[in-house]
Colleague: 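There's a structure below that I have some questions on.
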Amino acid sequence: MSEKFQIVGSLLRPQNLLAYKSQIEKRDDIQYPFYNDFDGYQACETQAIQEVIQKQIDHKLSIISDGEFSKSLWHLDFVWGLKGVRRLIAEHGYFFRDFDETQTYETRRDIALAFDEKLSGHNHHFIDIYQEIQADAAGHTTKLCIPSPSHIFGEWSFSREQNAEQFNDSYYQEPEVFKQDLANAYQEFLSDYAKIGGKIIQFDDCLWEMFSTDNPNSPFTGDHIDQASIQDLAQTFIDLNNSIIDYGHSLGLKVWTHNCRGNYDSRNMGGGSYETIANLFLGQQKYDRFFLEWDDDRAGNLSALDVFKDRPETEVVLGLLSSKTVTLDDEARVLDLLQKASQIIPKERLFLSHQCGFASCDNGNALTEDQQWAKIDQGQDIAANFFGA
């Protein structure tokens, strides 16, 4: 085992749990967390979480999660659990890039949200889930993953711009009001999390690369774009996250982040290098640990790590391995990049991971559970080789 190998969080769900999850995505007449809508669902989920926690322990992972088995999507379950939110089926899902990188690939459609009253983060279902994780992990270090505040604010903002008429009846009409209430809801949730013994919270985020000037898939690139306003929006995202990070720190929490460029059914959402946003999202955000996606050339070279040189308290997890492929990763490539990274940031502050989880949404990536665990075991071996056991 090497504590220097980490997993982002999500793992492939077993088929008996997926039998329930596949029904959830097609219906919006049911209420999160859906236990009262499907006989046997809660018991199935509870057992699956217990089993996946034991598997993580058996594979000698140093930080344990529920594998995100309690979620349908990596980000929206958290929002569904906030007071004041109603889940809806949208006209279409998110659009990812298909394997040929020219065609689009549509995701599930239960991604629309309605806001009917003032947001609150108290009494969230995730608190119950985390207490289950603590009990099942039997003293092992644990973490909980939720979407970053800026990701949720960003999705709300973009949806409002594109579908203004659908927001006519929304409780929230003004971005500043929504942003403030969202921040308050996050603070309420984190307070409850800290009270039950939570120590590590991870904010996942997929919007940074929209601001990469070399991202051909971003709506923010092109000569017709007012880049000053785009930079202002990026700063709004950063400031919102930092305000919640500061609050988490005041509670004694370690606040981590994971960033990737989309991960759905082994597909991605776009490109964009870290070099072009390093001084924004890497250099300015106050996270204690950054999980960064570097499994292919879309992320650019490692020079973006320069912004962490003068932040000795900040750790970086290099996502050099891929959770999207069925084959094991090229060990020589990974060791070479780890060596190059260690010339920028001391080894003591570096970790290794896959670029993202294995199942950011419950359908998961296109590989088997056996292949998943083989890739996790390989990550352990590579980390032990480079960092020492």
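Side chains included, hydrogens not; waters and symmetry mates left out as well; all remaining heavy atoms used. Please read these numbers as outputs of a predicted model, since none were measured by experiment.
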Colleague: A194: which residues meet the side chain to side chain contact (heavy atoms under 4.5 Å, CB included) condition with it, sequence neighbours left out?
Modeller: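 A194 satisfies side chain to side chain contact (heavy atoms under 4.5 Å, CB included) with L251, L253 only.
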
Colleague: Could you name each residue pair satisfying ring-ring contact (aromatic ring centres under 6.0 Å, His included) that touches residues 364-389, not counting sequence neighbours?
Modeller: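 For residues 364-389: H59-W373.
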
Colleague: Which residues pass the side chain to side chain donor-acceptor pair (under 3.5 Å) test with Q50, not counting sequence neighbours?
Modeller: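 Listed in chain order: nothing, the list is empty.
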
Colleague: Please collect all side-chain hydrogen bond (donor to acceptor under 3.5 Å, both in side chains) contacts where either partner lies in residues 345-355, sequence neighbours excluded, each pair once.
Modeller: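 Passing the test, one end in residues 345-355: S323-Q355.
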
Colleague: Going by ring-ring contact (aromatic ring centres under 6.0 Å, His included), name the residues that satisfy it together with F178, two or more places apart in sequence or in a different chain.
Modeller: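 F178 satisfies ring-ring contact (aromatic ring centres under 6.0 Å, His included) with F115, W156, Y172 once adjacent residues are dropped.
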
Colleague: Can you list the other members of the hydrophobic cluster that holds F351, where links are side-chain heavy atoms under 4.5 angstrom apart?
Modeller: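 V8, I63, I200, W256, F291, V317, all in the cluster of F351.
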
Colleague: Who are the ring-ring contact (aromatic ring centres under 6.0 Å, His included) partners of H151, not counting sequence neighbours?
Modeller: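 Scan of H151 (ring-ring contact (aromatic ring centres under 6.0 Å, His included), adjacent residues dropped) gives W74, H75.
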
Colleague: Could you list the residues that satisfy ring-ring contact (aromatic ring centres under 6.0 Å, His included) with Y41, not counting sequence neighbours?
Modeller: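 Scan of Y41 (ring-ring contact (aromatic ring centres under 6.0 Å, His included), adjacent residues dropped) gives Y20, Y35.
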
Colleague: Could you pull out all residues at least two apart from F126 that satisfy ring-ring contact (aromatic ring centres under 6.0 Å, His included)?
Modeller: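 For F126, the residues satisfying ring-ring contact (aromatic ring centres under 6.0 Å, His included) (neighbours in sequence not counted) are F78, H124.
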
Colleague: My understanding is that only residues two or more places apart in sequence, or in another chain, count here; which of them pass side chain to side chain contact (heavy atoms under 4.5 Å, CB included) with E176?
Modeller: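 If we apply the side chain to side chain contact (heavy atoms under 4.5 Å, CB included) test to E176, skipping adjacent residues, the hits are K179.
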
Colleague: Using the side chain to side chain donor-acceptor pair (under 3.5 Å) definition, which of the options D98, T107, T104 pairs with R267?
Modeller: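 Considering D98, T107, T104, a side chain to side chain donor-acceptor pair (under 3.5 Å) with R267 is found only for D98.
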
Colleague: Considering residues at least two apart in sequence or located in another chain, which fulfil the side chain to side chain contact (heavy atoms under 4.5 Å, CB included) criterion with N279?
Modeller: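 Checked N279 against side chain to side chain contact (heavy atoms under 4.5 Å, CB included); matches are V307.
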
Colleague: Under 3.5 Å, which donor-acceptor pairs link side chains of residues 206-215 to any protein atom two or more places apart or in another chain?
Modeller:
from: W208; atom 1: NE1; to: D205; atom 2: OD2; distance (Å): 3.2
from: E209; atom 1: OE1; to: N259; atom 2: ND2; distance (Å): 3.2
from: E209; atom 1: OE2; to: R261; atom 2: NH2; distance (Å): 3.4
from: S212; atom 1: OG; to: S273; atom 2: O; distance (Å): 3.2
from: S212; atom 1: OG; to: T276; atom 2: OG1; distance (Å): 3.4
from: D214; atom 1: OD1; to: S273; atom 2: N; distance (Å): 3.0
from: D214; atom 1: OD1; to: S273; atom 2: OG; distance (Å): 3.4
from: D214; atom 1: OD2; to: S273; atom 2: OG; distance (Å): 2.6
from: N215; atom 1: OD1; to: N217; atom 2: N; distance (Å): 2.9
from: N215; atom 1: OD1; to: G271; atom 2: N; distance (Å): 3.3
from: N215; atom 1: ND2; to: E209; atom 2: O; distance (Å): 2.9
from: N215; atom 1: ND2; to: G271; atom 2: O; distance (Å): 3.2

